[in-house]
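On a predicted model such as this, the values are computed, not experimentally measured, just so you know. Read the numbers this way: they start at 1 and go in the same order the structure lists the ligands and their atoms.
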Amino acid sequence: MTKEWFYQHKLGLLALLVVFLAIGLLASCDRSEEGGGAGQVQDTGLSADANALAQERGFTPDDVYAALKTYMPTGELDPYIMFASGGQGGQVLVIGVPSMRILKVIGVFTPEPWQGYGYGGSSNDVLASGFMDEDHPLLWGDTHHPSISETNGEYDGKFLFINDKANARLAVIDLRDFETKQIIKNPNAINDHGGAFVTPNTEYVIEGPQYAAPIGWEYASLDDYDAKYRGLITFWKFDRVTGRVDESKSFQIELPPYWQDLCDAGKGPSEGWVFCNSFNTELATGGVELGNPPFEAGTTQNDTDYLHIINWKAAEEVYNAGKYDMINGIAVISMQTAVDEGLLYFTPEPKSPHGADVTPGGEYIVVGGKLDPHVTIYSFDKIMKAIEGGGLDTDVYGVPVIPLDASMEAQVELGLGPLHTVFDDKGYAYTSLFLDSAVARWALGGPYADKHPEEGWTLVQKLPVHYNIGHITAAEGDTATPDGLYVVALNKWSIDRFANVGPLLPQNFQLVDVSRTGDQMKLLYDMPIGMAEPHYAQIIKADKLQPFEVYPEIGWNPETMSIHPNAITSPEEARVERDGDTVEIWMSVIRSHFVPERVEIKEGDQVIWHLTNLERTRDATHGFALSGYNINLSLEPGETQTIEFTATQPGTYTFYCTEFCSALHLEMLGYFLVEPKE
Ligand code: K7E
Ligand code: CUA
């Protein structure tokens with residue numbers, strides 16, 4: 001039996017195994033009633049041990065099914081990779097699906113010592129590029145929505161983008177080495193939320209706003225909220241060749257000071273448009289201590305807020321025509337221009353909306369209202385007809401509003417607290433129900449209706465999850481062709497699911513099997529996330545990722561993705577040179593020694609230290625830790641890094657390798673002697 005044969009027949013085999021085990025369980029139950037002992041069942045065709053174990057642990061057939069679906073024998077690789085936001089940890093988590101094994105935590109907005117991220121090498125420059133300014137570093141972020149780069153509406157596995165809600169920043173991660181390459185501080189927004197979302201060919205990375213502030217967050221009294229506070233959506237132009245956002249070709253659109261929330265880019269018929277929901281069309285400004293309604297009441301008075309419908313292709317033309325103002329170094333299309341040029345429309349959405357999700361074919365936009373038991377489905381076709389029909393009323397800021405009955409296709413009652421929606425290949429949608437703590441599977445209508453046995457726009461199944469689900473994500477779920485084997489519920493509370501680790505509890509990612517139609521969703525696995533509160537995640541087919549195994553050549557600079565000018569290719573080139581007060585070191589790093597092993601300098605010297613890992617063996621990473629100087633690098637095979645510092649502390653220091661790279665790893669060290677000034 002070949003491996004391929006096994007994979008092709010895996011589901012069948014699993015089902016067979018489950019049936020066997022179920023029979024075994026039943027048979028053994030009968031026996032124990034007759035006084036028979038456990039572990040004596042021999043008639044199932046299975047080893048008595050596995051059967052006995054399942055029985056001993058009280059497994060149901062569902063448990064056995066779940067175990068068989070998620071277990072990865074050693075050396076077997078997960079078919080899917082999930083990129084999850086790391087929430088206020090400021091990172092991205094890389095997780096194998098369905099085994100739910102954490103493969104990596106990528107440092108993004110927060111220094112990360114394992115990767116030596118922010119402890120001396122070129123990653124310091126990446127982090128620094130996202131600071132407020134030189135004097136105001138930002139050393140954490142609140143990551144919410146990871147977004148894999150797309151080609152023709154499909155994840156292409158090349159780049160990953162993620163926003164920092166806390167400080168309105170965007171990060172670019174190169175999936176050749178899974179390292180953060182760029183952080184951009186939005187020059188006109190101080191917080192964001194509706195990012196990162198890509199357009200179907202990653203022309204732009206969308207960064208939507210959230211809590212309104214004056215453009216450039218200049219001081220303005222809350223009494224001037226209506227006039228001076230604004231929303232702001234940013235279209236960051238992405239350059240695939242450089243692998244960076246080009247700020248000089250990016251633009252923003254001024255929006256009313258509603259709190260724009262989640263966005264999603266249109267595709268297929270709706271390509272060229274982006275849809276963002278909003279809340280606080282009440283323009284509440286809080287001040288419960290002054291006798292005002294608290295924000296939670298002030299922002300929820302209206303029965304509807306506005307879905308923002310933005311024509312980014314037309315906005316690009318407006319930008320190219322120069323109809324913008326430069327504000328803090330970036331082009332801003334004013335709200336008036338956006339209205340005049342037909343870039344911006346609204347339609348009402350009930351009530352306190354959160355997620356806005358475009359169906360795989362791009363025909364519909366699904367909105368979940370946190371305080372409405374329905375999801376509302378908008379038809380892009382109807383929206384276009386309403387816009388073409390003209391004669392629309394406007395909101396107080398002059399933005400045309402399409403009436404709900406002119407834009408809506410359907411509403412489906414799902415339950416309490418619908419937030420986010422994802423899709424599969426069977427014409428089903430999955431919506432997270434925060435208050436119900438459930439995943440709702442419902443049947444899409446329109447062109448999706450003949451993919452499933454149910455009638456369109458109907459609820460099919462509600463699967464309880466544990467507990468308080470926020471986002472939900474599906475395999476290839478945001479693409480034009482979702483896969484539909486797995487859904488992951490990203491639960492905010494875990495309460496009793498794991499051992500008590502004190503009053504701060506982990507989040508709970510729950511893997512859900514959605515491979516079968518009808519009410520056959522099954523919970524497969526609980527994965528505690530004990531490092532922060534993730535929000536969104538995306539799941540890509542693992543074979544779409546083609547990362548380096550080792551850096552392509554010795555002397556590789558991950559920042560430029562090219563050869564470092566100060567790389568060396570052998571220990572013979574290692575040396576120390578002095579020029580006045582500047583000491584420059586070219587160091588080779590290979591199992592199990594640094595060359596040179598002694599670096600002797602004087603207090604106050606400027607140190608420029610180049611390190612090259614000469615290894616070509618996969619996994620032969622060396623660390624470089626310099627005691628007392630807050631320096632710590634991770635040098636992957638082929639990598640060159642440069643650190644620069646002033647030797648302000650005299651004394652005897654050691655540097656050593658932090659990765660257990662060989663039997664003589666402990667011997668991989670050197671002395672750094674700083675002779676005191678006279
Ligand atoms: Cu619902 Cu930031 Cu997308 Cu959290 S957000 S859940
Ligand atoms: Cu190199 Cu340990």
Nearest 0.5 angstrom please: E636 CD to N613 CG, how far? 8.0 Å
Do any N/O/S atoms of C657 come under 2.8 Å of atom 2 (Cu) of ligand 2? yes
State the atom name: nearest N, O or S atom of E659 to atom 2 (Cu) of ligand 2. O
For the residue pair F275 and Y378, is the inter-centroid distance of their aromatic rings smaller than 6.0 Å? no
Checking contacts here: is it the side chain or the backbone of L262 that comes within 4.0 Å of ligand 1, counting heavy atoms only? Could be both or neither. side chain
In terms of relative ring orientation, are F238 and F159 parallel, tilted or perpendicular, with 30° and 60° separating the classes? perpendicular
On the 0 to 90° scale, with breaks at 30° and 60°, tag the Y258-Y306 ring pair as parallel, tilted or perpendicular. tilted
Heavy atoms only, cut-off 4.0 Å: how does H354 contact ligand 1, side chain, backbone, both, or neither? side chain
Would you check whether L419 reaches within less than 4.0 Å of ligand 1, judged by its heavy atoms? no
Ligand 1 to H145, heavy atom cutoff 4.0 Å, flagged ligand atoms 2 (Cu), 3 (Cu), 5 (S)
At less than 4.0 angstrom from any non-hydrogen atom of H471, what atoms of ligand 1 do you find? 1 (Cu), 3 (Cu), 5 (S), 6 (S)
Please report the C-alpha distance between K165 and D142 in whole Å, then the side-chain angles of each, then the deciding distance to 0.1 Å, and finally whether the salt bridge (Lys or Arg N to Asp or Glu O under 4.0 Å) criterion is met. CA-CA 5 Å; K165 168 170 169 165; D142 186 10; 5.7 Å; no
Grab the two heavy atoms, one from Y430 and one from I472, that are nearest each other, plus how far apart they are. CB-CD1, 3.7 Å
Using 30° and 60° as the class limits, which term best fits the ring planes of F295 and W259: parallel, tilted or perpendicular? tilted
Where does the angle between the aromatic ring planes of Y629 and Y653 fall among parallel (under 30°), tilted (30 to 60°) and perpendicular (over 60°)? perpendicular
Which residue from H193, E533, K492, Q210 reaches closest to atom 6 (S) of ligand 1 through any of its heavy atoms? K492
Nearest to atom 2 (Cu) of ligand 1, which N, O or S atom of H144 do we find? ND1
Among all protein non-hydrogen atoms, which one is nearest to atom 4 (Cu) of ligand 1, and what is the separation to 0.1 Å? H535 ND1, 2.0 Å
Where atom 2 (Cu) of ligand 2 is the centre, what is the SG-to-ND1 angle for C661 and H665, rounded to 10°? 130°
